[in-house]
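To keep things clear, I will list the structure first and then write my remarks on it.
Computed from heavy atoms alone, side chains included, the values below leave out hydrogens, waters and symmetry copies. Quick caveat: nothing in here was measured; it's all calculated off a predicted structure.
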Amino acid sequence: MKRWIPEVGALYERVRRPARTVLLALFVMAPVGGILLNENPAPVSAGTAAETVAETAAETAAETAAKTANHDRAADRTVGAAWVREATERQRPPALRFAREFGIPVSLAKEIHSAALAEGIAPRVAFGLVRTESSFRRTVVSHAGAVGYTQVLPSTARWLVPGTSRSDLFDTRTNLRIGFRYLDYLVNRYDGNIRLALTAYNRGPGTVDRILARGGNPDNGYAGKVLG
């Protein structure tokens, strides 16, 4: 065909010469490569290769198993320690748990817990109320004249427990019992709605009732602080 079509002949000649050069170079380099790469390498049998692969796989599996076992033991120790801490905490008396949680003396925690149970208030709500109202300070007095841990007004105290004086509200047990009794009254007034009761504790039931009568929402964030 190269005789018949000049373009094909020319292309053939261009390809043939470089190809011969490449083949000659490979032939010359072959002995050198053989010397560098060791002309007579030791033969490796199929059995030896299989044994090597098996040994490598076994070593890798052993290392993986050891790492997994160490990880599992560490995880077991972590879970076990957490379980022990949780079990120990559950066995503590409730007042001790609240004392630790709120960072207050155990004696005060016992008084709050006892007064809450006596007046039908959930202990956690009771602790939240005292924290929000007075930051657990016995002698604090507000600008409106509310006194002590639960910030009870003397007029409210006299209404709930006739004969209670202002000075009586500085007594820990008296203040807590009257404050929680007032909250219990509000919970009943609002049909068990603790959020409304807490809002009324802060804003006054008269204010809450007026807002509700207008179809408004009296929530001012106070209940969230107590319950949070």
Side-chain donor/acceptor of Arg138 to backbone N/O of Phe170, under 3.5 Å: yes

Keeping the roles fixed (side chain from Thr132, backbone from Gly128), state whether a donor-acceptor pair exists under 3.5 Å. yes

Are Ile194 and Leu129 in one and the same hydrophobic cluster, where Ile, Leu, Val, Met, Phe, Trp and Tyr link if side-chain heavy atoms are under 4.5 Å apart? yes

Side-chain heavy atoms nearer than 4.5 Å, only ILVMFWY residues, links allowed to pass through others: does that put Tyr190 and Ile211 together? no

Can you list the residues that meet the side chain to side chain contact (heavy atoms under 4.5 Å, CB included) rule with Ala197, with sequence neighbours excluded? Leu183, Leu186, Val187

How far does CG of Leu196 sit from CG of Asp191, to the nearest 0.5 angstrom? 9.5 Å

Do the side chains of His113 and Leu176 get nearer than 4.5 Å, heavy atoms only? no

Going by salt bridge (charged side-chain N to carboxylate O under 4.0 Å, His left out), name the residues that satisfy it together with Asp209, two or more places apart in sequence or in a different chain. Arg189

How many angstroms lie between CD in Gln151 and CG in Asn202, if you round to the nearest 0.5 Å? 10.5 Å

Show the nearest heavy-atom pair for residues Ala99 and Ala109, with the distance to one decimal. CB-CB, 3.8 Å

Do any pairs count as a ring pair (Phe, Tyr, Trp, His ring centres under 6.0 Å) and have a residue in residues 136-157, sequence neighbours left out, and if so which ones? Phe102-Phe136

Within the 3.5 Å criterion, strictly below it, is a donor on Asn175 or Thr150 matched to an acceptor on the partner's side chain? yes

Taking the side chain as everything from C-beta on, heavy atoms only, tell me whether Val130 gets closer than 4.5 Å to Phe180. yes

Is Ser135 reaching over with its side chain to a backbone N or O of Arg137, donor-acceptor style, under 3.5 angstrom? no

Determine whether Val161 and Ile121 fall in the same hydrophobic cluster, where Ile, Leu, Val, Met, Phe, Trp and Tyr are linked whenever their side-chain heavy atoms lie under 4.5 Å apart. yes

Provide the full list of salt bridge (Lys or Arg N to Asp or Glu O under 4.0 Å) pairs with a residue in residues 114-123, sequence neighbours left out, each pair given once. Glu119-Arg177, Glu119-Arg181

May I ask whether Val140 and Leu169 are part of the same hydrophobic cluster, defined by side-chain heavy atoms of I, L, V, M, F, W, Y residues being less than 4.5 angstrom apart, directly or through others? no

Please assess Lys110 against Phe98 for the test side chain to side chain contact (heavy atoms under 4.5 Å, CB included), listing each intermediate value before the final yes or no. CA-CA 9 Å; Lys110 288 180 178 179; Phe98 283 117; over 6 Å; no

Interatomic distance, CG@Leu108 vs CD1@Ile112, rounded to 0.5 Å, equals 4.0 Å

In terms of heavy-atom contacts, Thr156 and Val152 come closest through CB-CG1, 4.3 Å

Can you tell me how the ring of Tyr185 sits relative to the ring of Trp159, calling it parallel under 30°, perpendicular over 60° and tilted otherwise? perpendicular

Interatomic distance, Asn193 atom CG to Asn188 atom CG [nearest 0.5 angstrom]: 12.0 Å

Considering all heavy atoms of both residues, which atom of Val208 and which atom of Pro218 are nearest to each other, and what is their separation? CG1-CG, 3.9 Å

Ala223 meets the side chain to side chain contact (heavy atoms under 4.5 Å, CB included) criterion, sequence neighbours left out, with Arg195, Leu198, Thr199

Identify whether Leu153 and Leu160 are in the same connected component of the hydrophobic contact network (ILVMFWY, side-chain heavy atoms under 4.5 Å). no

Compare every heavy atom of Ala116 with every heavy atom of Pro123, then report the nearest pair and how far apart it is. CA-CB, 4.1 Å

Minimal non-hydrogen separation, Asp184 against Gly120, with atom names: OD1-O, 4.1 Å

Can you pull out every ring pair (Phe, Tyr, Trp, His ring centres under 6.0 Å) where at least one residue sits in residues 195-228? Sequence neighbours excluded, please. Tyr182-Tyr201

Using a strict 4.0 Å threshold on nitrogen-to-oxygen distance, state whether Glu101 and Arg131 make a salt bridge. no

